[in-house]
Amino acid sequence: MSLGQQLAPHLPFLRRYGRALTGSQREGDKYVRATLEAIVAAPAEFPRDRDPRLGLYRMFQGIWSSTNADDDLIVPDDAEGKETLARARLARMTPLSRQALLLTAMEGFSPEDTAYLIEVDTAEVDKLVADALHEIEDQTRARVLIIEDEPIIAMDIETIVRDLGHEVTGVAVTRDEAVALALEDRPGLVLADIQLADDSSGIDAVKDILAEFEVPVIFITAFPERLLTGERPEPTFLITKPFGRATVKAAISQALFFDQSTVPA
């Protein structure tokens, strides 16, 4: 099997990581493309002594860490105000902490693998993750709308959201209900399942909401590959079912980290 064939199944999830790390589909996907270009240009530099997925993320980390955050800050696509706030937040946030949190909680790497990816001692990974959660959770408080038609999952998400100190504005199970709740009580964050109770779409519900006002969105899906192709406008933040509590916490923290409307606590 060629290296390209070995890496192909992991590319959607690298896009998920890149988007969450940068707060932008465009910028995250750009880093993925740069990683692939680097592998094609110098295949001998790919770490063949590691699992292909680990090697792929290691190459990505090399591209990411070579970027000077002061000169080339990655921000959401269309708001100068977000750039100013993101710079201030990045100045207060250790980049390695954010990377460690996302690699462990969202991407499922072990502390040992995460240490390899970000080039620190394994013993330091747990501290970095704890630091990231502490710093980000202290900065962000929001009012959250949950769009989810499975009651148990909705309850679990609601508990996680409240545990983080956020307020839940409502739980919707259909597109129409989601839009109505959003317009009645504007949230500062939306968590949206893709498939809803009446066969309507969480994506369509979010489009309707975003037509009225801007709000950061995290999508929840059992089929992440469909929204991580890099071939069209796609979500920046994505949680895969089944998910763990740490995954939801990491995604919420990162989405709010890049949102200009979030006011530090």
Side-chain angles (χ1 to χ4, degrees), residues 10-32 34-35 51 53-67 69 73-76 86 89-90 92-120 122 124-140 157 160-161 164 189 191 216-221 224-225 227-228 230 234-259 262:
H10 307 301
L11 290 178
F13 303 101
L14 184 63
R15 291 189 188 99
R16 175 180 63 190
Y17 173 62
R19 294 174 190 182
L21 185 64
T22 63
S24 163
Q25 178 196 351
R26 183 187 67 184
E27 298 297 338
D29 290 359
K30 182 172 71 176
Y31 274 101
V32 174
T35 300
D51 176 84
R53 178 173 182 252
L54 198 60
L56 177 63
Y57 277 70
R58 177 62 178 262
M59 295 291 289
F60 178 96
Q61 287 296 129
I63 298 294
W64 167 260
S65 62
S66 68
T67 300
L73 182 68
I74 305 302
V75 298
R89 286 179 173 169
L90 283 170
R92 298 195 299 268
M93 185 64 199
T94 305
L96 277 181
S97 298
R98 294 170 54 234
Q99 293 169 57
L101 173 63
L102 292 171
L103 287 167
T104 54
M106 183 173 288
E107 299 305 314
F109 284 108
S110 68
E112 292 77 15
D113 286 345
T114 300
Y116 166 74
L117 291 174
I118 60 177
E119 300 183 79
V120 301
T122 301
E124 190 175 351
V125 172
D126 287 342
K127 181 180 183 302
L128 287 170
V129 171
D131 288 347
L133 288 170
H134 176 73
E135 293 178 25
I136 295 176
E137 289 170 13
D138 276 357
Q139 286 183 337
T140 56
I157 295 173
I160 296 170
V161 168
L164 281 170
L189 174 68
L191 282 87
V217 179
I218 301 171
F219 282 101
I220 305 169
T221 177
E225 296 90 343
L227 297 175
L228 293 167
E234 295 173 329
T236 297
F237 299 100
L238 197 69
I239 296 172
T240 302
K241 291 182 178 180
F243 54 78
R245 294 173 65 85
T247 303
V248 179
K249 289 182 178 181
I252 290 174
S253 296
Q254 199 69 359
L256 293 176
F257 181 77
F258 285 104
D259 177 46
T262 301

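Worth knowing before you read on, the calculation uses all heavy atoms, side chains too, and leaves out hydrogens, waters and symmetry mates.
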For the NZ atom on K127, are there more than 12 heavy atoms of other groups (residues, nucleotides or ligands in this structure) within a distance under 6.0 Å?
no
Between OG1 of T114 and CG of L102, what distance do you get to the nearest 0.5 Å?
10.5 Å
Nearest heavy-atom contact between P216 and L256 is CG-CD2, 4.5 Å
Spacing of R53 atom CZ and L14 atom CG [to the nearest 0.5 Å]:
9.0 Å
For the CD atom of E124 and the CD1 atom of I118, what is their distance to the nearest 0.5 Å?
7.0 Å
Quick check for you: to the nearest 0.5 Å, what is the distance between W64 atom CH2 and Y17 atom OH?
8.0 Å
Backbone of V129 reached by a side-chain donor or acceptor of S97 within 3.5 Å
no
Taking all non-hydrogen atoms of both residues into account, name the closest pair between P224 and F13 and its distance.
CG-CE2, 3.7 Å
Do I157 and I220 have side-chain heavy atoms sitting under 4.5 Å apart?
yes
Any sub-3.5 Å donor-acceptor pair from R19's side-chain atoms to P235's backbone N or O?
yes
Calculate, to the nearest 0.5 Å, the distance between atoms CG and CG belonging to L96 and L101 respectively.
12.5 Å
Using a 3.5 Å distance criterion without hydrogens, assess whether the side chain of S253 forms a donor-acceptor pair with backbone atoms of A250.
no
Quick check against the 3.5 Å criterion: does T22 have a side-chain atom that pairs as donor or acceptor with the backbone of G28?
yes
So how far is it from L238 CG to M106 CE, rounded to the nearest 0.5 Å?
8.0 Å
Y116 and Q61: side chain donor to acceptor below 3.5 Å
no
Indicate yes or no: does E234 engage R15 in a salt bridge with an N to O separation below 4.0 Å.
no
Taking all non-hydrogen atoms of both residues into account, name the closest pair between L54 and F109 and its distance.
CD1-CE2, 3.6 Å
Determine, stepwise, if the pair F60 / V32 fulfils side chain to side chain contact (heavy atoms under 4.5 Å, CB included).
CA-CA 7 Å; F60 178 96; V32 174; 4.1 Å; yes
